[in-house]
Amino acid sequence: MGSMRADGAVADPAAADPAIDDPAVDAGRLLHRLRRGLPLVERPYAAIAGELGIGEQDVLRALAHLIEAGAVGRFGVIVDHQALGYTANAMVVWDVPAERIDEAGRRIAACGGVSLCYRRTPRPPVWPYALYTMIHGRSRDEVAGRVQRIAARCGLEEADRRILFTVRRFKQTAGCYGRTEGGGQR
C-alpha cells in the first residue's frame with residue numbers, strides 16, 4: 001500500500017484500494033490531487049471536491065476509505081520557516097549509542113523547536129551520527145542555545161553532535177512517490 005506524505009503527497013496512488021463503493025470518486029484522481037497539498041481555505045475538502053467535480057462528502061467518505069485501506073498513511077503540515085521569521089535553521093546530528101537512540105529520539109522530538117527527528121545508519125569512522133534533528137530559531141545563537149537546552153533536558157550533554165546550519169534554501173516540498181498523473185514513476 002502507498003502512504004501519504006506530510007503535505008498530502010501520496011506514496012503510490014496506484015496502490016489505492018480501487019474498491020471505493022462510490023462511483024463518483026476516482027481514487028487515483030483524488031490521491032493525485034492530494035499530492036499537491038490541501039488548499040489554504042476555510043473548507044479545503046470542499047475546494048478539492050469542486051476541482052474534481054464531486055461533492056465534499058464524497059471526498060470525505062473516499063478519504064476515510066483510503067485511510068482505512070492504508071492508501072493514505074497520514075496528513076501533516078510543511079511549514080515555511082523563513083516566512084515565519086525562523087531564518088536560522090539547522091540539522092543537528094547526534095552520535096548516540098544504538099541502545100539509547102530510540103529513547104533519545106523520543107525525548108528530543110518532544111522538545112519545542114524541533115520539526116524533524118529521525119534515525120539513519122551511521123558510517124563510522126567518517127560519519128558516526130545516527131540521530132538527525134531539525135531545529136529552528138530566529139538566530140544562530142538562539143538555535144545553539146536551544147541545542148544546549150535539548151542536550152541537557154535529554155541527558156545528551158556528553159553526546160558528540162554537530163550543528164549544520166542551512167546556508168542555502170531550495171524549493172521546499174514534500175516528497176512525492178509513485179506514479180505521476182501520466183502514469184510514469186517518480
Side-chain angles (χ1 to χ4, degrees), residues 1-86 89 91-93 98 101-121 130-136 150 154 166 169-186:
M1 286 288 170
S3 63
M4 181 169 282
R5 302 287 303 200
D7 72 339
V10 176
D12 186 359
D17 184 352
I20 293 178
D21 293 333
D22 187 344
V25 179
D26 178 334
R29 197 164 164 235
L30 174 60
L31 290 169
H32 181 77
R33 170 55 191 88
L34 290 170
R35 289 171 128 182
R36 296 191 333 246
L38 298 178
L40 297 176
V41 297
E42 187 173 333
R43 295 177 53 201
Y45 301 109
I48 289 173
E51 291 176 34
L52 300 177
I54 57 178
E56 180 181 21
Q57 292 304 312
D58 296 328
V59 168
L60 294 172
R61 273 194 305 274
L63 265 176
H65 176 79
L66 293 168
I67 290 168
E68 186 178 316
V72 174
R74 65 183 178 139
F75 277 84
V77 174
I78 294 178
V79 176
D80 183 345
H81 302 96
Q82 298 278 336
L84 296 175
Y86 291 89
N89 304 296
M91 172 67 70
V92 181
V93 293
I101 200 164
D102 289 341
E103 178 60 23
R106 276 190 287 276
R107 295 187 76 175
I108 291 174
C111 295
V114 177
S115 63
L116 293 173
C117 184
Y118 57 94
R119 181 180 195 170
R120 287 200 170 166
T121 304
L131 186 59
Y132 290 65
T133 57
M134 197 71 197
I135 299 177
H136 307 276
I150 288 170
C154 299
T166 300
R169 184 174 169 216
F170 294 94
K171 182 178 178 183
Q172 187 174 7
T173 62
C176 291
Y177 306 94
R179 293 183 175 86
T180 63
E181 190 168 32
Q185 291 286 323
R186 287 186 178 219

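All values derive from a computational prediction rather than experimental measurement. Throughout, residue positions are numbered sequentially from 1 according to the sequence presented.
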Checklist outcome for this item: Here the gap from Asp58 atom CG to Leu30 atom CG, rounded to the nearest 0.5 Å, amounts to 10.0 Å

Checklist entry - Just wondering, are more than 12 heavy atoms of other shown residues or ligands nearer than 6.0 Å to CG in Leu84? => result yes

Next on the checklist: According to salt bridge (charged side-chain N to carboxylate O under 4.0 Å, His left out), who are the partners of Arg106, at least two apart in sequence or on a separate chain?
Outcome noted: Glu103

Item to check | Value rounded to 0.5 Å, distance of OG1 in Thr166 from CD in Gln82 | outcome: 8.0 Å

Checklist entry - If you take all heavy atoms of Ile101 and Arg119, which pair is closest and at what distance? => result CG2-CZ, 3.0 Å

Checklist outcome for this item: So CG of Asp102 and CG of Leu131: to nearest 0.5 Å the spacing works out to 9.5 Å

Checklist outcome for this item: Interatomic distance, CD1@Ile150 vs CZ@Arg107, rounded to 0.5 Å, equals 12.0 Å

Checklist entry - What distance do His65 atom NE2 and Ile67 atom CD1 have between them, rounded to the nearest 0.5 Å? => result 11.0 Å

Using atom types as modelled, flag every donor-acceptor pair under 3.5 Å from a side chain in residues 41-54 to any protein atom, sequence neighbours excluded.
unit_1, atom_1, unit_2, atom_2, d
Arg43, NH2, Glu56, OE1, 2.2
Glu51, OE1, Arg33, NE, 2.6
Glu51, OE1, Arg36, NH2, 3.1
Glu51, OE2, Arg33, NE, 3.4
Glu51, OE2, Arg33, NH2, 3.4

Can you list, pair by pair, the side-chain donor-acceptor contacts under 3.5 Å of residues 108-117, counting residues two or more places apart and other chains?
unit_1, atom_1, unit_2, atom_2, d
Ser115, OG, His136, NE2, 2.6

